Amino acid sequence: MKLVPLGDRVVLKQLVAEETTASGIVLPGQAQEKPQMASVIAVGPGTEDVKMEVAVDDQVVFSKYAGTEVKIDGEELIIIKQQDILAVVK
């Protein structure tokens with residue numbers, strides 16, 4: 001199944017959380033904070049007022065509480081408005 005975003009929405013796949021800290025302490029699953037970085041999976045066409053500035057395969061940083069989480073074919077994805085994307089990682 002393919003997820004096609006509408007308007008100025010973007011589909012993201014969140015990057016995997018770190019399992020150890022910088023000092024080498026292993027974190028249990030519940031203590032791991034989800035990263036705010038993701039890979040762009042799909043981009044909507046935009047609107048008359050909003051030009052899409054991200055592209056598929058871009059790495060982005062997004063607002064912590066933004067978007068809607070969905071599970072498609074066992075894969076967890078986030079649908080988010082482009083305005084909630086804070087930066088593109090180059």
Side-chain angles (χ1 to χ4, degrees):
M1 184 182 316
K2 186 175 180 182
L3 195 59
V4 180
L6 302 175
D8 64 338
R9 288 179 176 76
V10 178
V11 179
L12 305 176
K13 181 174 183 180
Q14 204 163 22
L15 299 179
V16 179
E18 292 290 327
E19 295 183 12
T20 59
T21 64
S23 61
I25 298 172
V26 177
L27 297 171
Q30 296 168 339
Q32 295 172 6
E33 186 171 326
K34 288 187 176 181
Q36 291 172 263
M37 289 185 62
S39 179
V40 176
I41 303 297
V43 178
T47 64
E48 290 179 11
D49 301 330
V50 180
K51 176 184 169 242
M52 299 308 284
E53 298 180 27
V54 295
V56 174
D57 293 330
D58 279 352
Q59 298 289 318
V60 297
V61 177
F62 62 96
S63 296
K64 189 170 190 167
Y65 300 107
T68 302
E69 294 182 8
V70 295
K71 196 169 194 175
I72 303 290
D73 294 334
E75 191 173 32
E76 292 186 19
L77 302 172
I78 301 169
I79 302 172
I80 191 171
K81 284 187 155 233
Q82 181 178 254
Q83 70 187 23
D84 293 323
I85 294 176
L86 305 174
V88 175
V89 180
K90 298 279 183 178

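Keep in mind the model is a prediction, meaning the values are calculated, not measured.
Distance check, rounded to the nearest 0.5 Å: CE of Met37 to CG of Leu12 gives 11.5 Å. Taking NZ of Lys81 as the start and OG1 of Thr68 as the end, the distance is 11.0 Å to the nearest 0.5 Å. With values rounded to the nearest 0.5 angstrom, Lys71 atom NZ is found 5.0 Å from Glu76 atom CD. In this structure, OG in Ser39 is found 5.5 Å from CG in Asp57, a value given to the nearest 0.5 Å.
Taking each heavy atom of Val60 and Val40 in turn, the nearest pair found is CG1-CG2, 3.9 Å. Considering every non-hydrogen atom in both Pro5 and Ala42, the closest pair reads CD-CB, 3.6 Å.
Listed for the Gln14 side chain is no donor-acceptor partner under 3.5 Å among the backbone atoms of Ile78. With hydrogens and angles disregarded, no donor-acceptor distance shorter than 3.5 Å links the side chain of Gln82 to the backbone of Gly7.
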Throw together a table of side-chain donor-acceptor distances under 3.5 angstrom for residues 83-90, partners on residues two or more places apart or in other chains.
none

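Residues Ile79 and Leu3 meet the side-chain proximity criterion, which asks for heavy atoms closer than 4.5 Å. Met52 places a side-chain heavy atom less than 4.5 Å from the side chain of Val10.
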